[in-house]
Amino acid sequence: MDKGKLKILVPRADIAIKVQELGRDISDTYRNIEEPVVVVSVLKGSLVFTADLIREINVPVQLETLVASSYGDGSESSGKVRIEYKSFDDLKDRHVLLVDDISDSGRTFQSIAEQLQAYEPASIRFCAFLDKPSRRAVTLKPDFIGFSIPNEFVVGYGLDFAGYYRELPDVAVVIPEE
Ligand code: IMP
Ligand code: MG
């Protein structure tokens with residue numbers, strides 16, 4: 001596969017500052033709840049972001065994971081979302097924060113939120129590291145957003161293109177080679 005050239009869109013220093021701000025906002029939101037907030041990291045894309053984010057949250061957190069993937073390996077989300085998760089028996093009456101790398105059409109978030117409603121949580125909120133508002137196809141929007149970006153395909157800081165680039169510390173746009 002041709003991996004193309006990279007143009008940095010969000011440098012790592014800006015990411016670090018933004019993650020601190022998000023941690024503060026999230027901590028303020030959950031300041032007065034009794035039990036730890038259940039942070040559900042949507043793998044694999046949000047692994048890097050979640051690891052940084054939870055260390056900037058200063059209220060107790062319970063960390064859970066699920067795996068969500070839209071079918072196919074291309075740079076367009078197919079709209080069909082497959083979700084794998086273990087049984088979250090203890091989500092009843094808990095405050096759930098879904099953490100994902102990017103909200104594109106928003107279908108992944110909507111689909112997960114619909115399925116987690118079955119566990120009767122007290123609330124479900126959504127934190128997206130990146131948001132492409134111009135692409136939104138559902139009415140739900142993220143409660144916490146790191147950066148709103150234009151409609152470009154980005155990689156790095158956990159985000160991949162067909163499995164590549166998750167390890168980049170910055171967020172970058174892939175420019176196909178001529
Ligand atoms: P949505 O369901 O359309 O919101 O798609 C969200 C998912 O599509 C994300 O969790 C990513 O896995 C993937 N995705 C959307 N845009 C990008 C991008 O620019 N780079 C990498 N992955 C993306
Ligand atoms: Mg994803």
Side-chain angles (χ1 to χ4, degrees), residues 1-12 14-16 18-19 22 26 38-54 63-86 88 96-118 121 123-177:
M1 190 194 96
D2 182 2
K3 292 173 72 186
K5 284 209 176 73
L6 299 177
K7 183 185 82 186
I8 291 180
L9 186 67
V10 191
R12 66 185 89 177
D14 295 3
I15 294 173
K18 184 62 76 176
V19 172
L22 285 170
I26 290 167
V38 183
V39 169
V40 178
S41 178
V42 182
L43 299 179
K44 302 173 193 168
S46 80
L47 193 154
V48 176
F49 174 48
T50 306
D52 285 345
L53 182 66
I54 59 173
L63 181 60
E64 303 288 350
T65 59
L66 59 74
V67 181
S69 41
S70 36
Y71 293 93
D73 250 354
S75 53
E76 275 290 309
S77 154
S78 67
K80 289 184 200 145
V81 183
R82 184 180 58 222
I83 294 164
E84 299 159 49
Y85 52 101
K86 65 169 196 171
F88 296 124
V96 173
L97 178 66
L98 285 172
V99 175
D100 206 353
D101 52 359
I102 188 164
S103 177
D104 184 30
S105 69
R107 290 193 185 95
T108 303
F109 166 51
Q110 174 149 300
S111 186
I112 296 169
E114 279 169 13
Q115 294 186 47
L116 293 189
Q117 288 295 354
S123 69
I124 300 181
R125 289 187 178 86
F126 178 41
C127 175
F129 171 60
L130 300 174
D131 184 37
K132 289 184 189 169
S134 65
R135 298 262 303 164
R136 187 138 32 247
V138 301
T139 48
L140 283 176
K141 77 188 254 307
D143 300 277
F144 305 97
I145 293 169
F147 298 94
S148 287
I149 61 166
N151 182 19
E152 288 188 278
F153 195 82
V154 293
V155 296
Y157 200 64
L159 292 112
D160 74 307
F161 176 49
Y164 287 90
Y165 300 121
R166 291 195 197 274
E167 72 280 16
L168 289 180
D170 315 287
V171 172
V173 178
V174 186
I175 303 163
E177 303 221 44

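Computed from a prediction, not measured in an experiment: that's the story for all the values here. Read the numbers this way: they start at 1 and go in the same order the structure lists the ligands and their atoms.
- For the pair S103 and Q110, the minimum side-chain heavy-atom distance is 4.5 Å or more.
- Not a single heavy atom of G45 sits closer than 4.0 Å to an atom of ligand 1.
- Within ligand 1, the atoms closer than 4.0 Å to a non-hydrogen atom of K132 are 16 (N), 17 (C), 18 (C), 19 (O), numbered from 1 in the order shown.
- Note on ring orientation: taking the six-membered ring where Trp is involved, the planes of F49 and F129 are tilted (angle from 30° to 60°).
- Per-residue contacts place E152 under 4.0 angstrom from the following atoms of ligand 1 (heavy atoms of the residue considered): 19 (O).
- Electrostatic pairing of D101 and K44 does not count as a salt bridge here, judged by no charged N lying under 4.0 Å from a carboxylate O.
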Q: Would you please test V174 and L6 for side chain to side chain contact (heavy atoms under 4.5 Å, CB included) and show each step?
A: CA-CA 5 Å; V174 186; L6 299 177; 4.0 Å; yes

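- Note: no N/O pair closer than 3.5 Å links F153 and ligand 1 by distance alone.
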Q: Could you walk me through whether V48 and R166 pass the side chain to side chain contact (heavy atoms under 4.5 Å, CB included) test, one step at a time?
A: CA-CA 8 Å; V48 176; R166 291 195 197 274; 5.9 Å; no

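- The residue among T108, L159, L9, D101 with a heavy atom at the shortest distance from atom 10 (O) of ligand 1 is D101.
- For ligand 1, the atoms lying closer than 4.0 Å to a non-hydrogen atom of D100 are 10 (O).
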Q. Run the side chain to side chain contact (heavy atoms under 4.5 Å, CB included) check on F109 and D100 step by step: do they pass?
A. CA-CA 8 Å; F109 166 51; D100 206 353; over 6 Å; no

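- Those atoms of ligand 1 that come under 4.0 Å of a heavy atom in G106, given as number and element, are 1 (P), 3 (O), 4 (O).
- Distances from ligand 1 to the non-hydrogen atoms of D160 include at least one value under 4.0 Å.
- For the pair R135 and ligand 1, no heavy-atom separation below 4.0 Å is found.
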Q.
Determine whether Y157 and V10 satisfy the following criterion, side chain to side chain contact (heavy atoms under 4.5 Å, CB included), listing intermediate values before the conclusion.
A. CA-CA 10 Å; Y157 200 64; V10 191; over 6 Å; no

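- Atom numbering of ligand 1 starts at 1 in the shown order; those under 4.0 Å from a heavy atom of V154 are 18 (C), 19 (O), 20 (N), 21 (C).
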